[in-house]
Peer 1: 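Okay, handing you the structure first.
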2 protein chains.
Amino acid sequence: MSVTMRDVARAANVSIATVSHVVNDKQGARIGEDARRRVLKAVAELGYQPNALAKTLSQGRSRFIGLVADAIASTPFAGQIIHGAQDEAWRQGYVLLIANTEGNAAAEKEAIAMMLQYQVHGILYSTWYHREIEVPPPLQHTDTVLVNCYAVDAEYPTVVPDEEQGGRAATEELIAAGHRRIAFVNTTSPSPAKTGRLAGYLSALEAAGLEYDASLVFEAEPAQEGGYAVAASVIESGVSAVFCHNDRVAMGLYDGVREHGLRIPTDIAVMGFDNQEVIAAHLRPPLSTVALPHYELGAAGVRTLLGIGMERGSSRLLVECPPIARASL
Amino acid sequence: MSVTMRDVARAANVSIATVSHVVNDKQGARIGEDARRRVLKAVAELGYQPNALAKTLSQGRSRFIGLVADAIASTPFAGQIIHGAQDEAWRQGYVLLIANTEGNAAAEKEAIAMMLQYQVHGILYSTWYHREIEVPPPLQHTDTVLVNCYAVDAEYPTVVPDEEQGGRAATEELIAAGHRRIAFVNTTSPSPAKTGRLAGYLSALEAAGLEYDASLVFEAEPAQEGGYAVAASVIESGVSAVFCHNDRVAMGLYDGVREHGLRIPTDIAVMGFDNQEVIAAHLRPPLSTVALPHYELGAAGVRTLLGIGMERGSSRLLVECPPIARASL
DNA sequence: ATGAAAGCGCTAACAA
DNA sequence: TTGTTAGCGCTTTCAT
């Protein structure tokens, strides 16, 4: 079936060891110009492809990195994590093994077992939204990096978005646009996003010398329906700008605001969070927001796993959430 | 480092062949109850995990399936394809190797080479939106299945959504709701979706004995902006229902319709296409639409690759697009 | 400068 | 019922 090193060796009239050396461009061994040429020729002619599995076996160390995700499909977000991990892995000469668990513990266990069987170098454990998790026991047998989630008890290297910085950035954008009374529509569900973004909002206010008014902080279900429902109260509060917990809430708010005959951004400026492309970029007017750095989370995850560019000290890496300016303020 | 079969054999005081037999539950060979128990015990105690790579090597055939996608992250759609492929692969005892090419030919080539090196059983070549492609040359060296795309020249097994059936289903929903004058806002960009959905619209009209009025077919950029822009004309045409090329167009149309003081579905019913969750499920009112069967495309792709449940004859599998009823009609 | 040979962990005849 | 052994394709040490 497929052509092996032995075939190449035979064709080039050299030993298989020589083939190995030239194919891998080994430093230690000097190969005669002539032999090298013959090998290269044979490789090209036979269309030789090294068997990565055999290589791994004989070298003892694999080039696989596992990525277990709780939902690769439910949202565009997880896709970005995969994408980032993927790219970075490739860059480092690794291949990503992906497993989708849908949060199912059994599937998770099986996935991890499979990855271990494929001799992964380590495992990235990720969630589609930033949250606290319990690390599945089998993960303790390998190098593990937590991506977009964290464990309280044990300490694993962790890569998460900097929610507070993001919240601050969002608020600062609004302040920079001249707003002084700024509402914050937070989510009802407890999460690092909820507390982090609020903290950021507060800190931006303080830094700008603006007084914090608790009545300007609302809570809504983190979806369009929530934003729509809270619109009336927000308007009534008399603010000139709103920072929404996420883009979906902002989308709902757009609807509500419009129904009250108000215009964005003239009457009220809106800032989102997440940078959910399908929504943010295409609302009318396009929504200014803060991006969740999913791609970077994935990439930083594999870098951390591989021990590349590690910062000493902290084992928790906070990735910046950059503001994305559009037309809603 | 890791515990091997030899370790287990030693611990259980049997030969390594025996271990292999019980671990793999081999049929041919009968193993004494006692020996089997000892092996199992040793496996558990040592935490033995078979080395899948070594197994693959010695068996000669791998358990890998490659999936090359042009955009795993840009949309939630590609994610669903991956998800489906993933699940089905697992079900069949295979592991998915994913590569993201961003449509970049060089990356594509490299990805395929890598997959070949990992001895993939075959490759799924997929695109995030249904379209015609040219099959990259290196793919001709393996079993290849085209997913969500097709090649005109060569014939590869292909799995694509049934656009026409989807268009028909959408239109039928509207007809079933009592509408007689139904507009169709098609996309401006040529694609199988454009022609297929139109054909479906036409065929549903005909089947219902409704006359086709060319002036009721509009064209718009396939995004919110397009739907918004076309709203006025649609309303002016006096239809009671609109079938939009996709959910994003429908979302834009919602805006336009609302601006004209009309209500959905009372004044005008709207049907989308794609079932883009983030949008469709959360518009006001929630949007009835037709789902693109991405998950199923992925799953059917690996089934086709593995030769499971193949229908004889045609090498092009059309996957059904099911209508999703919500409140917009 | 090049080659022989011993593994890597496992499977699969074939013996015993 | 169980064990021996020869590979799978490659790397790597050690000779030559």
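We use all heavy atoms of the structure for the numbers below, so side chains are in, but hydrogens, waters and symmetry mates are not. In what follows, chains carry the letters A, B, and so on, assigned in the order in which the sequence lines appear, proteins first and then strands, with residues in each chain numbered from 1.
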Peer 1: Measure the distance from CG on B:D25 to C1' on C:dT11 and round it to the nearest whole Å.
Peer 2: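 Interatomic distance, CG of B:D25 to C1' of C:dT11: 15 Å.
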Peer 1: Specify the separation, in whole Å, of atom NZ of B:K26 and atom C1' of D:dG3.
Peer 2: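 Whole-Å distance recorded here is 17 Å.
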Peer 1: Between B:R131 and B:D70, does at least one N-O distance fall below 4.0 Å, as a salt bridge requires?
Peer 2: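 Salt bridge present between B:R131 and B:D70.
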Peer 1: Using the ring centroid of each side chain, check whether A:Y150 and A:Y125 are separated by less than 6.0 Å.
Peer 2: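 When the ring centroids of A:Y150 and A:Y125 are compared, they turn out to be at least 6.0 Å apart.
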Peer 1: Of all the nucleotides listed (C:dC10, C:dA12, C:dA5), which has the minimum atom distance to the side chain of B:R61?
Peer 2: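 Among the listed nucleotides, the one closest to the side chain of B:R61 is C:dA12.
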Peer 1: Of A:K55 and B:G32, whose nearest nucleotide on DNA chain D comes first from the 5' end?
Peer 2: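 This one resolves to B:G32.
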Peer 1: In whole angstrom, give the distance that lies between atom OH of B:Y118 and atom P of D:dG9.
Peer 2: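 So the two atoms are 17 Å apart, to the nearest Å.
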Peer 1: Rounded to whole Å, how long is the line connecting atom CD of A:Q59 with atom P of D:dC8?
Peer 2: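 So the two atoms are 20 Å apart, to the nearest Å.
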Peer 1: Starting from C1' on D:dG3, measure out to CE on B:M5 and report it in whole angstrom.
Peer 2: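 From B:M5 CE to D:dG3 C1': 14 Å.
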Peer 1: For the pair made of NE2 in A:H21 and P in D:dC14, what is the distance, rounded to whole Å?
Peer 2: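 Going from A:H21 (NE2) to D:dC14 (P), I get 13 Å.
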Peer 1: Given atom CD of B:Q117 and atom C1' of D:dT11, what is their separation to the nearest angstrom?
Peer 2: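 From B:Q117 CD to D:dT11 C1': 16 Å.
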Peer 1: Starting from C1' on C:dT2, measure out to CG on A:N24 and report it in whole angstrom.
Peer 2: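 That distance rounds to 16 Å.
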